[in-house]
Structures are given as C-alpha cells and as structure tokens.
Visitor: 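Mind looking over this structure? Questions follow.
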4 protein chains.
Amino acid sequence: MKPKDDEKLQAIVDATFGLVEKVGLSGLTMADIARAAGIATGTLYVYYSSKEELINDLYRKSKTATANRLLKGYDARLPFRRRARTLWRNSMRNRLDHYAEAIFQQQYSNSQWRSASNHALFSNLMQEWLDFLEEGKRQEILKNAPSSLMTALFMGSTRETAELIRRKDIKSDEQTLDIAFALCWDAIKA
Amino acid sequence: MKPKDDEKLQAIVDATFGLVEKVGLSGLTMADIARAAGIATGTLYVYYSSKEELINDLYRKSKTATANRLLKGYDARLPFRRRARTLWRNSMRNRLDHYAEAIFQQQYSNSQWRSASNHALFSNLMQEWLDFLEEGKRQEILKNAPSSLMTALFMGSTRETAELIRRKDIKSDEQTLDIAFALCWDAIKA
Amino acid sequence: MKPKDDEKLQAIVDATFGLVEKVGLSGLTMADIARAAGIATGTLYVYYSSKEELINDLYRKSKTATANRLLKGYDARLPFRRRARTLWRNSMRNRLDHYAEAIFQQQYSNSQWRSASNHALFSNLMQEWLDFLEEGKRQEILKNAPSSLMTALFMGSTRETAELIRRKDIKSDEQTLDIAFALCWDAIKA
Amino acid sequence: MKPKDDEKLQAIVDATFGLVEKVGLSGLTMADIARAAGIATGTLYVYYSSKEELINDLYRKSKTATANRLLKGYDARLPFRRRARTLWRNSMRNRLDHYAEAIFQQQYSNSQWRSASNHALFSNLMQEWLDFLEEGKRQEILKNAPSSLMTALFMGSTRETAELIRRKDIKSDEQTLDIAFALCWDAIKA
DNA sequence: CATGAATGAGCGTTCATTCAT
DNA sequence: CATGAATGAACGCTCATTCAT
C-alpha cells in the first residue's frame, strides 16, 4: 500500500501559493496547480475533493501559519509597548517573507470562496489580538476606540511599510523601522 | 473607443458596476454585462474592443468620479483641520453612497486587469491629496512621515468607519463621526 | 442578425438519433453529437442549455412523431379489427423505418434522463390508444383484461415482428404479416 | 478469472447487483463496486481484468441463475398447460424476488456491453424453453407461430404482471394470477 | 451600427486502469 | 494477493470573441 504522500501535499500547497502570486486567485486553474506541483490533474483530487476544498484548506493553513508567526516571541509579561512592537515587527516581516501567502489571504477575503467556517476560524486566531487591544484600553495605554479602527490602522501601517520596503522606497534598517513603528504607536496610544 | 451612442455607453457602465456588486469582478461575463445593459454582446465590442479595455476604462471613469467627489467642497483657503475633515467625510460618504464602485476599485487592484497606465493615472488624480499632505508637513501640522503611511492610515480609517456604518455596528450621527475623525486626526497630526 | 438555424437544429436531432443507434444512449457525448452535426460543441448550447434538455426534447419530438405515424390512416368509423390492423401495421413500420428513434425511446425509458413531465406527455399521446382499448372492451370485441397487459402483448408483437424482419428471419410480404397480425389479434380478442 | 477467494468474488457480485438497482448499469463505477464489496479497487482487477469482463460475467451468472429458477419444479411428464403455468409463475416470481437482476439483464441488453458470446449463451440456456414450445406446436396445443413471437407474448405477460404487482396496481392472490395466466394462455394456445 | 448565433480553447471534475508498496 | 494513490484522457459546460446578416 502506498500512503498519501506528504511531499505531494506540500508540493500542491507551495505550487498554489506561488501561482496566486503570479496570476491571482481568480486566475488559478486546477491544471496549472497540478503542473506546477509536478503531478497529474486527477491526483489533485486524491488530496482535495474540489477546488473549493483546496482553497479553503489553504486559507486555513495559511491563517494558522500566519498566526504562529505573528505571535512568535510574544510574551504577555513584557511591557505593553514592547509587545506592540513585537507584533508590529512580526506582522511586517510576515508580509515580506511570505508575500505569496499575504496576497492569497487578501484576495481570498474578497473572493467567492470565503466561507463562514473560515470566518469563524479567523475570529479564533484573532482573539489574542483583540484581548491585547482590550488590555491596552483597560490600562488606558491605548485610545478607547473601536477595535476595528485600531486594527485597520495597525495592519495598514505594517502592510504599507512592508510594501515600501519591497519597492525599495525605504530602507529596512533599525532606525527607519523604529520611526515607522513610532508613527503607528502614536496613532493608537491614548 | 468610439462613443457613438452616449446612452448605451452609460448603460454599459452602470450595468457593469451593478454586476460587480452582485457577482464580483471575477464573476463578470461579457454576456451578463450586455444583458444588463439591454444590448447585444456584439454591440459591446463596438464600444470596447475587449473585456480588458472595458474594465480599464471603467476603472479610469470610477477613479475620476471618486476624485471629484473627494474634492467636493474642498477649499484651500479653509483651516487645515477643517479641510482634512472635509476630505475624510467625503471619502467616507463616497464609500457608502457608491459602494459598487468602491468594491470594483478594490477588486481591480488585486486583479489580473491592473495596468501600469492606470496606476500612473492614480498618481495624477491623487496629486492634490499629496500636495495637501506636503502642506501639512511643511506647516508642522502633520507628522513628517512617508505619505504612503499617512494615506494608508487615512484611507483605512474612512474605509473601516464606512464599513461599520454599513453593518449598522455604529450609528452615523454627527457625534459618532466626530469621534471617528478625531481618532484619525490624532493619528496623523504632528 | 442571424436567426437560429432550423437546419442546424435538425442536424443535431438527426446526429443524436444516429449516434444512439451506434453507441447507445449512455454512450452519447456532447462532443460526438456536435461533430456528427457538423458544428462546434459550444453551438450545441445555443440550441439546448444542457445535455438533459437536449435528450428530453428529443424524446418529446420523437414521441410526437411516433404518435403521428401510429395514427396515420386511422379512422374511428372503420370496423374495429381493421383499425387494430392499421395500428399494428403502423407500429411495425414505424419500428422498421425509424429504428434509431425506436432504440432511443426504449433506452430513454430505462435511463437516468426519464422526466416526470415527459411521462405525462406519454400519457397524453397514448390516450387515443387507451380509448381504443376501452371501446373494444365495451363492445366485447376485446378481452376484459388490464390495458397494460393488452398493450404489452400488442407492442411485444409489433416489436418482435419488426425485429424478425430486420434480421431477415422472416419475409415481409402480405401473407406473412397477415399471419403475424392474426396471432396478435387472437391474443387480445374476446 | 482467478477465483482466489470465493467470498470476495461473491461480495463483488452482490455489490454490483445492488448498485445496478440503485444507480443503473450506466451509473456503475469500479470504485463504487469495490467500496460496496468492501475491497480495494485494485483488488477488483485480481478477479476481473476489466469492467467489461466483470459485467459480462455477471450477465452470465445472472442468466444461469434465472434459468435455474425458471425451471424449478418443471417436470416434462406433467400435463402441458400445467407446465406452462409453472414456467409462467416461475418467471413472474423471478422478476419480483430478484428485481435487481431483472433490471440488470434488461439494461445489459440495450448497452454497449452486450457481447455476441453472451447472446449465444442465452440461446443455450433457453433451449429447454424452445423445446417446450416446439412440443406444444407438434401436439397442436400451441399455435404454429414463430417462437420469437410466442416468447415475446409470454415474457411480456410475466413482465407486465410482475410490474403491476410491484406498483400494487393489482393484488397477487391466486385468483388474480389465474386470470392473468389465462390471458397469456389464450394468447398462445392453438 | 446592431445583432446574436457560432466558435473552440479551456474550465473543474470523473473514472477505468496501473503499479509501487 | 491486497492495497489505494496515481494517472490522464474524456466528460459536460462556459465564455471572450468573431462575423454573417
């Protein structure tokens, strides 16, 4: 008996992220994914029963991986601003180091594939972030504003900073990043 | 593009925006557009030589209309914060009142249709905005930060506020909007 | 403007009957039909929105044509046995002259495509036949047996006789056909 | 065919008949058969080298079993009409008690799988039936008509009667069955 | 100009069959 | 022998584009 091959599954995942970066989520075809993964089209259906399942599973995998990366080095016992900085740096590095995944997540959110179950998943993953915001508000370190606005500001900042670095419009040295974060911090602090 | 019949051209434009709101940019088909505009598919090709041209022209039209709406009531002789407030309110109202266009612009930016010429167009239209930011920085009213970050913060704020109103998560009375704008203003002011 | 082409529609119908005779109903493919009809696969969908619609419409067309052929020369004022003979001969000739249609109808009845609406249609077409049987029973010319059994005997007789002629197991001269019909008549007469 | 494991072979046969009843002959897939039989798809190919072989073998098995059931209780020394009645009852019961097989045989006859060798097989199995008809004709108990017509009448009668009972259109008591058989008998008797 | 029938490459998916384990 | 992952041709169907009318 030949068991399902983890290498092939990983090849499918990698191929799909790579293709989304090149042709966009709506330009994805099962044939292209199979070709890029080095397998036959039919083999795709051994691992995923439909294109929808494949894309939703990829979103789940990607969200989980992103969450882990965002929380890397995060320690609730550290000073609040230091924790904010860690989250900000992690978020920005994640966008730079896993650009294809970031593109995928963004396009997925506006796509026909968005599913309710994955939206709930998103909520779970973001719970720690929302708790973080609430703690900041309680301690009057952060402004008492709707979390959605705070999140938009924070994410907008990391996204645009990463984009500027990608385009080599700004350098990615310590000093520049400190300034960029400082702006974001001033925006949300009380 | 040969605008032989302005009424038909307008029907195509309106039909396309309406369809994007319903089925998304990637769900658009030329047949659907023609049907919604009340013409034959072949006639579409009298006005636009391809789907790509149609979509790019729509993006241009939409961007121009948006720019005009954003600058409505804007007067360079008014106090700076008052001008910022006008731009912020215009931006938010634009998202609420022309939701289909907002959806279209957002999906266009992540799509296979994005063209370099239209990206440049964006810069032209936004020149006034960038001048506005530069003036604020010069007068030390705004932080001296990259304009892209400022723009991200400003747009993130109007987008999320509009979204909260759409979902009826917050009311749209004067007081609430004043608070929402105040947050944004604190974010960018020096 | 180019209107839908009756010739093409007829080509589709003819091609499909011909293919069913060769490869069976379950062996039908849209690509084969298009090829045999001399058109592109996409064109098939101008005339029928799905394979199901095509097959159901063909069944309807075929049943109507069959009904007309069966009733050809039938006159309610003629003697009963003479009318029975007319129906029997028509049924048998129909099977010989339109063999592909007969095959199609038979396979359709046992297939996944059978639809309720077409079953009702069948009832309408057969009403005259059932009335005929009832009249015979009332006049005590026919046995007072369930119509389904009478129909099975009658159709079985015409089907098998036609089949024997097709295989050249028997001749199709007047005398032979008279005997074959006489057997059927003895079977159902009172 | 290598019957390495009779239990598995029987499981395949049972599974296939069961599936044909549910999804029809053209809806059969090797994967479904294997799943229903509790084995792997590859194992199917140990017992049958192709789908065609499987189906043809099933047809052979089914025909043999049917023949045995039809001849059950048949004794050449009994009176002719009594023997006819036994054959008629056996045929009808067979259709009711082994409906899946009856469906299979009927669909097989109109399918792409029909093979010449199995058609010959049919003749062998039916030899006794044909001898029976010839004996009846010789003794001038039966009409001197082509056996194919007699067979069609006889089978049509049992098939339709069984179908009426299945649909609960008629009862299956002794009296009703006696009448149904009487009709058939009148049809073929001299 | 306007029409909509015609086109055919390409889509997501299925499935009989093979073969490494 | 038994397994089930792997294969790829073929399926029904879609759709941007063309073109005869």
Side-chain angles (χ1 to χ4, degrees), chain A residues 1-9 26-35 37-55, chain B residues 2-5 8 27-35 38-55, chain C residues 1-9 26-35 37-55, chain D residues 2-5 8 27-35 38-55:
Chain A
M1 195 192 85
K2 191 196 308 180
K4 279 192 197 182
D5 188 340
D6 279 352
E7 265 182 43
K8 281 206 182 68
L9 187 57
S26 71
L28 265 193
T29 71
M30 295 299 265
D32 283 348
I33 294 172
R35 194 174 306 113
I39 59 176
T41 56
T43 310
L44 231 40
Y45 289 83
V46 172
Y47 293 87
Y48 292 103
S49 64
S50 70
K51 187 179 182 182
E52 182 170 3
E53 286 233 346
L54 189 159
I55 288 178
Chain B
K2 295 153 281 182
K4 297 288 176 183
D5 184 338
K8 282 205 182 69
L28 269 191
T29 70
M30 296 299 265
D32 283 348
I33 293 171
R35 194 175 307 113
I39 60 175
T41 54
T43 312
L44 228 41
Y45 287 83
V46 173
Y47 294 86
Y48 293 103
S49 65
S50 73
K51 189 177 181 181
E52 182 170 3
E53 285 229 348
L54 189 159
I55 287 178
Chain C
M1 195 191 85
K2 192 196 308 180
K4 279 192 197 183
D5 188 340
D6 277 353
E7 266 182 44
K8 281 206 183 67
L9 187 56
S26 71
L28 266 192
T29 72
M30 295 301 264
D32 283 347
I33 293 172
R35 195 175 306 113
I39 59 177
T41 55
T43 310
L44 231 40
Y45 289 84
V46 172
Y47 293 86
Y48 293 102
S49 64
S50 70
K51 187 178 181 181
E52 182 170 3
E53 286 233 345
L54 190 160
I55 287 177
Chain D
K2 296 153 281 181
K4 298 288 178 183
D5 184 338
K8 282 205 181 70
L28 269 191
T29 69
M30 295 299 265
D32 283 348
I33 293 171
R35 194 175 306 114
I39 59 175
T41 55
T43 310
L44 227 42
Y45 286 83
V46 173
Y47 294 86
Y48 294 102
S49 66
S50 71
K51 189 178 182 181
E52 183 170 4
E53 285 230 348
L54 189 160
I55 287 177

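What's counted below: heavy atoms across the whole structure, side chains too, no hydrogens, waters or symmetry copies. Since we're looking at a predicted model, the values are computed, not measured.
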Visitor: What is the distance from CD of Glu52(B) to P of dC15(F), rounded to the nearest Å?
Guide: 19 Å
Visitor: Has the side chain of Lys51(D) got a donor or acceptor atom that lies under 3.5 Å from a matching backbone atom of Thr29(D)?
Guide: no
Visitor: If the cut-off is 4.0 Å, is Thr43(C) near the phosphate of dT7(E), judged by side-chain N/O to OP1 or OP2?
Guide: yes
Visitor: Heavy atoms, side chains only, cut-off 4.5 Å: are Met30(D) and Thr41(D) in contact?
Guide: no
Visitor: Could you work out which one of dA6(E), dG12(E), dC15(F) sits closest to the side chain of Met30(A)?
Guide: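 For Met30(A), the side-chain atoms sit closest to dG12(E).
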Visitor: Keeping Lys8(A) on the side-chain end and Thr43(A) on the backbone end, is there a donor-acceptor pair under 3.5 Å?
Guide: no
Visitor: For Leu9(C), report the nucleic acid contact type (base, sugar-phosphate, nothing); a contact means any heavy atom under 4.0 Å.
Guide: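 Touches nothing.
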Visitor: Using a 4.0 Å heavy-atom cut-off, does Leu28(B) contact any base of the nucleic acid, only the sugar-phosphate backbone, or nothing at all?
Guide: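 Sugar-phosphate contact only - Leu28(B) comes under 4.0 Å of backbone atoms but never of a base.
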Visitor: Tell which nucleotide pairs with dA2(E), taking only Watson-Crick or G-U wobble pairs whose two distances are both under 3.5 angstrom.
Guide: dT21(F)
Visitor: Provide, to the nearest angstrom, the distance between the CG atom belonging to Leu54(C) and the P atom belonging to dC11(F).
Guide: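 Spelled out: CG on Leu54(C) to P on dC11(F) is 15 Å.
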Visitor: State whether Tyr47(B) places a side-chain N or O below 4.0 Å from either non-bridging phosphate oxygen (OP1 or OP2) of dA2(E).
Guide: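 Yes.
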Visitor: Using whole Å, what does the distance between atom P of nucleotide dC13(F) and atom CD1 of Ile33(C) come to?
Guide: 10 Å
Visitor: Whole angstroms only, please: what is the CG-P distance between Leu44(C) and dT14(F)?
Guide: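 It works out to 12 Å between those atoms.
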Visitor: Between dA5(E), dT17(E), dT17(F), which nucleotide has the shortest distance from any of its atoms to the side chain of Tyr45(D)?
Guide: dT17(E)
Visitor: Establish, with yes or no, whether the OP1 or OP2 oxygen of dA6(F) is under 4.0 angstrom from a side-chain nitrogen or oxygen of Lys8(A).
Guide: yes
Visitor: Among dT17(E), dC11(E), dA6(F), which nucleotide has an atom closest to any side-chain atom of Lys51(D)?
Guide: dT17(E)
Visitor: Provide, to the nearest angstrom, the distance between the CD atom belonging to Glu53(D) and the P atom belonging to dA16(E).
Guide: 15 Å
Visitor: Round to the nearest Å and state the distance from Arg35(C) atom CZ to dG8(E) atom P.
Guide: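 Computing the Arg35(C):CZ to dG8(E):P distance gives 12 Å.
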Visitor: Quick one: look up who dT7(F) pairs with, Watson-Crick or G-U, both distances under 3.5 Å, and put none if it's unpaired.
Guide: dA16(E)
Visitor: Let me know the distance between CG of Asp32(A) and P of dA9(E), rounded to the nearest Å.
Guide: 17 Å
Visitor: Got a donor-acceptor contact below 3.5 angstrom from the Tyr47(C) side chain to the Asp5(C) backbone?
Guide: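 Here the side-chain-to-backbone pair exists.
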Visitor: Please tell me which of Gly27(B) and Thr41(B) maps to the more 5' nucleotide of DNA chain F, matching each residue to the nucleotide holding its nearest heavy atom.
Guide: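 Looking at the nearest nucleotide for each, Gly27(B) comes out on the 5' side.
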Visitor: Are the side chains of Tyr45(D) and Leu54(D) in touch, meaning some heavy atoms are under 4.5 Å apart?
Guide: no
Visitor: Between Ile39(D) and Ser50(C), which is nearer to the 5' end of DNA chain F once each is assigned its nearest nucleotide?
Guide: Ile39(D)
